[in-house]
There are 2 protein chains.
Amino acid sequence: MTEQKIRNMEEFAALSGLSRPTVSKYFNNPDSVRASTRKRIEDALERYNFRPNIYAVNQNRRLTKSIGIMVPYLADPFFAEMARTIETLCIEAGFRPILLSSHGDSELEAENLESLLSFKPAGVLFAPLGRISDKAAIERFCRDVPTVLFDSNLDGMGEAFVGSDNASFVNQTVDYLCRTGEAPCFFEMRTPANPNANKRRMAYIDAMERHGQEPVVISIEGDGWGFEEIGRQGTHTALATNDFKTNTVLCSNDRLAIGLLAACYERGLGVGRSPDSALRVASHDDHPYSRFTCPALTTAAHSYSDVANRSVEILFEMIESGARCETRVETLFPAKLVVRASA
Amino acid sequence: MTEQKIRNMEEFAALSGLSRPTVSKYFNNPDSVRASTRKRIEDALERYNFRPNIYAVNQNRRLTKSIGIMVPYLADPFFAEMARTIETLCIEAGFRPILLSSHGDSELEAENLESLLSFKPAGVLFAPLGRISDKAAIERFCRDVPTVLFDSNLDGMGEAFVGSDNASFVNQTVDYLCRTGEAPCFFEMRTPANPNANKRRMAYIDAMERHGQEPVVISIEGDGWGFEEIGRQGTHTALATNDFKTNTVLCSNDRLAIGLLAACYERGLGVGRSPDSALRVASHDDHPYSRFTCPALTTAAHSYSDVANRSVEILFEMIESGARCETRVETLFPAKLVVRASA
DNA sequence: GTTCAAATTTTACGCGCGTAAAAAAAATGT
DNA sequence: ACATTTTTTTTACGCGCGTAAAATTTGAAC
């Protein structure tokens, strides 16, 4: 490997004794040039370590090999894990992912969409903020770029939606809890941005009615993405005012549950299935850390890989066929109940 | 706002009744055009919602307004939080951050550097993988792009390093633990990629010797980035073979500690300061979740904001002055001991 | 009304590359 | 060996924009 730096494809082509477009053709598809030409390029490649500027390539290609990935809050381990999985799938398929986080801010979300537009991705995998999203901006974006929504659905936006079946999540946890002990109260944030939260509450009420039980919903205050702290404080309040009507709590999501467990521990309340425990706690998501709470959290698990795989699959199919989906398909994966020690 | 779509600056300039370079000048600095010209552009902007293609801009600008941010593993909440903080600082300063994760893979790390090179960022904030990093690739990159390393230092690479003072972390935890009870054993991974881990072990040994205590290092096996699970299993092994020589454990980092706490809970071992607790556990990092473990984790906290602020500060100074640092400065921030319930 | 320097705008070219169409080369058939 | 077809390479132009240098406008002073 010579240390000589190559500025651009022109320079590299000259060193290979070829014209730039021929080299361009090679990088687009190595088999599209004659074997002898290919060898000359690859020999030069050994010596000079040149790579086309991906951004210049994107600017000119009719169809790029780039995929945009955007999540509402990357510092949430759920989305971090989701993004990681999707990124890996894209890389394996020969695409170049570009990852963006909205940081919980709808303006930044809209900004990011603008930025993605400039990037000219072949397609975008997008988990929107939800309620607070700038719907008009998203709709405009989706007209220009093939987009698959995941995790949070926005009516009619994007070519398809892939997510988890909130009813399946809640039915499984409620059924399990009712079968094995007292019926659960439902613990949630009052004004969640994420639309799944509302669906879960409604599914809880339905499920409780099916079981002939009175639903008890505890909606706690709190803004932002610090769900654990919101859950912790909300639990202290709820316990102080005796809001939990049974010894069983079903949390809307694992991050709230983590906060709830912390509050219980602080108050010396035992959590678990054993008779001397004060509370049973279950939740939804199978957050990466729910395996490590004390006690380990009983929860309904997303199938990370199913959601990631299917989202990517649908997007790749659209990209390859060059067509948009004729009808907007919504794919919902059922949850898998993971029984651990907390309930 | 007219719905008419603008393809490029040429088209927008025509609609404004100006030449493209004038419009370009405006976007570069709105004050660099005459007030009347500016008004014409801004009026047109109201009606047509045009924005220059950021990637085309980057391709041509001598100095871009983009900042690369790269961390070793974005699904680790520590790095997620760090990245989020730095991103926010960059946005506030009028820069456009682009965030990349190495996903724990040194090849991807090198790939990402190549990608950043194409992106032509004004500068890069880079937390390398550490031991497994492709040093040659990083060195090449740093020659071309002003780079500030953070969190993990690599000798001589980048223009500056900003991180935390591992000795300060360990001294504070060891001092505190020795002062308040039995001297701690040190719990760590045998082959960590991150160089901070080695510094912490050495600092532990030093600190123990200063206290006239025999250091006990428990190095557990495990690969990858699933530190909690590694810590959990390692704890079970260590407890089974009675490796903890005292009732106090100091973990190399919080993620290991989270696993350790889970294992203790599984075994019914109480953790905390009270006389009936079997173990005291402390750690380092002040991971975003260490507030919510059961019991809450006593730990030495990074100053996230100090590290983020200083890294960004140094980089911006370099960018503004247009010069590289004359000497490579290493800034280390001391830890802040956060005493919670676990020790 | 003229002059001239300063501010502003335009011209012309470049960034690094993709791609259609034209040209050249190679392969095939006779 | 020559005509024809097919493949490969090159020419020429375009993508969306920055920027130095040239041309123009402005406006203040006389």
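All values below come from the heavy atoms of this structure, side chains included, with hydrogens, waters and symmetry mates left out. Here is the naming used below: chain letters follow the sequence lines, and residue numbers restart at 1 for every chain.
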Please report, rounded to the nearest Å, how far the P atom of dT8(C) is from the CG atom of Asp31(B).
10 Å
Verify ring pair (Phe, Tyr, Trp, His ring centres under 6.0 Å) between Phe78(B) and Tyr73(B), making sure each step is shown before the conclusion.
CA-CA 9 Å; Phe78(B) 170 75; Tyr73(B) 199 86; over 10 Å; no
If only side-chain N and O atoms count, and only distance matters, is there a donor-acceptor pair under 3.5 Å linking Arg20(B) with Asn8(B)?
no
Under a 4.0 Å heavy-atom criterion, the protein footprint on nucleotides 13-20 of chain C, written with B, S and -, is -BBBBBBS
Over 60° means perpendicular and under 30° means parallel, so tell me whether Phe50(B) and Phe27(B) are parallel, tilted or perpendicular.
perpendicular
Is it true that Phe126(B) and Phe141(B) have ring centroids separated by less than 6.0 Å?
no
If you measure only the distance, is there a donor-acceptor pair under 3.5 Å linking the side chains of Asn194(B) and Ser152(B)?
yes
